[in-house]
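Report on one structure; see the data block that follows.
All chains are named by letter (A, B, ...) in the order of the sequence lines, taking the proteins before the strands, and each is independently numbered beginning at 1.
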Amino acid sequence: MDIDSSKIIRNFLIELVVYGALVVAYFILVLRSLGGWLTSLYDNNLPVYSIVALVLIVVQAVFLEKVTSFLIERLGLERLE
Amino acid sequence: MEFPIAGVTINPLVLIAIGFLVGILGGFFGVGGGFLAGPFLFWTGVPVNIVVGTDLAHMTGKSIVASNRHRTLGHVDLKLGVIMILGTVTGVELGAQLIELFEEMGNVDLIVGISYVIILLVISAFTAWESIRAIRMIRSESLDVKDVLAFQNITKRMHGIKLWPMVSFPGSGILSVSLWVVLGVGLLSGVLAGFLGVGGGFLRMPLLVYLIGVPTHVAVGTDLFEIVFSSGYGTITHALKGNVDIFIALVMHTGAAIGAQIGAVSTRFFAGPRIRLLFSALPLIGAILVIIRLISGGEGI
């Protein structure tokens with residue numbers, strides 16, 4: 001493995017750690033702030049619940065990835081592309 | 001940790017581990033991984049109806065992460081993905097109609113189960129045979145290529161169909177192929193998915209490679225792009241029926257999002273035939289799980 005490859009893999013691992021921390025923080029935030037509301041939404045309004053559920057998953061996937069990319073750029077690390 | 005919607009208490013680390021494992025497989029092979037995550041979730045005590053919907057929800061997030069990573073690596077053919085979606089959606093509907101027809105005739109579970117096992121075994125055997133031949137070809141001819149197909153007869157025949165309109169897919173290195181061929185392959189994967197009641201990732205990936213001639217890495221990425229839409233749609237329909245526990249899905253996705261990134265990036269270090277050879281084990285595992293279910297009389301998933 002050349003120096004560039006190991007550098008890129010190291011950067012990828014840093015990116016994973018940042019992303020992992022954000023994903024866990026996001027889940028805890030959702031659980032703490034929306035937990036009760038989501039449960040009552042499930043019991044009383046399934047159409048809204050279904051949309052909110054999809055949005056929460058999409059946000060976890062898309063938004064956190066964007067935030068990670070932004071942070072990685074700010075740290076001056078090269079992304080694996 | 002208590003999950004009030006599903007009414008179960010599960011260690012979140014177990015869910016994260018399941019998500020991580022399925023995420024790696026999904027990112028590497030371009031599959032949703034429902035055939036593995038489903039039984040695992042059921043094993044943790046989640047009710048059957050919530051297993052399917054929740055699995056689809058976490059699959060949506062995981063596929064977004066993995067397909068986005070594949071896109072940055074140049075492994076997603078967006079044009080091909082969009083056209084395939086049109087064929088797949090129609091196919092899923094036809095497959096569902098086929099199921100209804102068999103339901104009227106009776107014994108639908110047995111017919112679907114046996115069809116499922118046969119299709120999975122054929123895919124597994126063919127992919128293993130072809131990829132081993134391709135690996136030997138690369139070795140014996142010292143080819144300096146990332147991907148090669150050892151069996152191109154079907155692909156050549158498909159490309160020989162000159163039915164207007166012809167389309168090109170520069171992202172997949174395909175200069176000209178009939179639009180109807182692409183729609184047809186999408187339709188076929190959709191019919192099989194709808195008939196067998198699965199997401200269809202492990203059907204679509206080999207079909208893209210062997211029928212349309214898409215390079216393996218691009219087939220993986222494009223397949224994941226399609227799964228985003230199919231599982232997203234499935235999430236909504238299941239959530240409307242109360243079959244999605246968003247808390248379980250979010251915990252699973254915590255592991256899956258990391259696993260999917262690792263799986264997607266790992267494809268960079270494997271040549272196409274090696275990915276296909278490893279992939280050939282997946283349908284085999286799926287077939288074994290269905291055989292166990294058929295023998296046990298349909299208990300579990």
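Between B/Met1 and A/Leu31, some side-chain heavy-atom pair lies under the 4.5 Å cut-off. A heavy-atom distance below 4.5 Å is not found between the side chains of A/Phe27 and B/Ile16.
The local environment of CZ in B/Phe3 is crowded, with over 12 non-hydrogen atoms from other residues, nucleotides or ligands closer than 6.0 Å.
For the set A/Val52, A/Val30, A/Leu22, A/Leu38, the count of heavy-atom pairs under 4.5 angstrom toward chain B peaks at A/Leu38. Heavy-atom pairs under 4.5 Å with chain A peak, among B/Thr235, B/Thr254, B/Ile262, B/Val65, at B/Thr254.
Atom CG of A/Leu56 sits about 12.0 Å away from atom NE2 of B/His253, to the nearest 0.5 Å. For the atom pair CE (B/Met59) and CD1 (A/Ile57), the distance works out to 11.5 Å, reported to the nearest 0.5 Å. Here CG of B/Leu240 is found 7.5 Å from CD1 of A/Ile51. Values are rounded to the nearest 0.5 Å. Considering CD1 of B/Ile246 and OG of A/Ser50, their distance stands at 10.5 Å, rounded to 0.5 Å.
For B/Lys241, the part sitting under 4.5 Å from any heavy atom of chain A is the backbone (N, CA, C, O) and nothing else. Proximity to chain A involves both the backbone and the side chain of B/Val251, based on heavy atoms less than 4.5 angstrom apart.
With hydrogens and angles disregarded, no donor-acceptor distance shorter than 3.5 Å links the side chain of A/Tyr26 to the backbone of B/Leu250. The closest donor-acceptor contact from the side chain of A/Tyr19 to the backbone of B/Ala257 lies at 3.5 Å or more, if one exists at all.
Summarising the geometry of B/Val244 relative to A/Tyr42, their closest heavy-atom pair is O-CE1, 4.0 Å, with the distance given to 0.1 Å.
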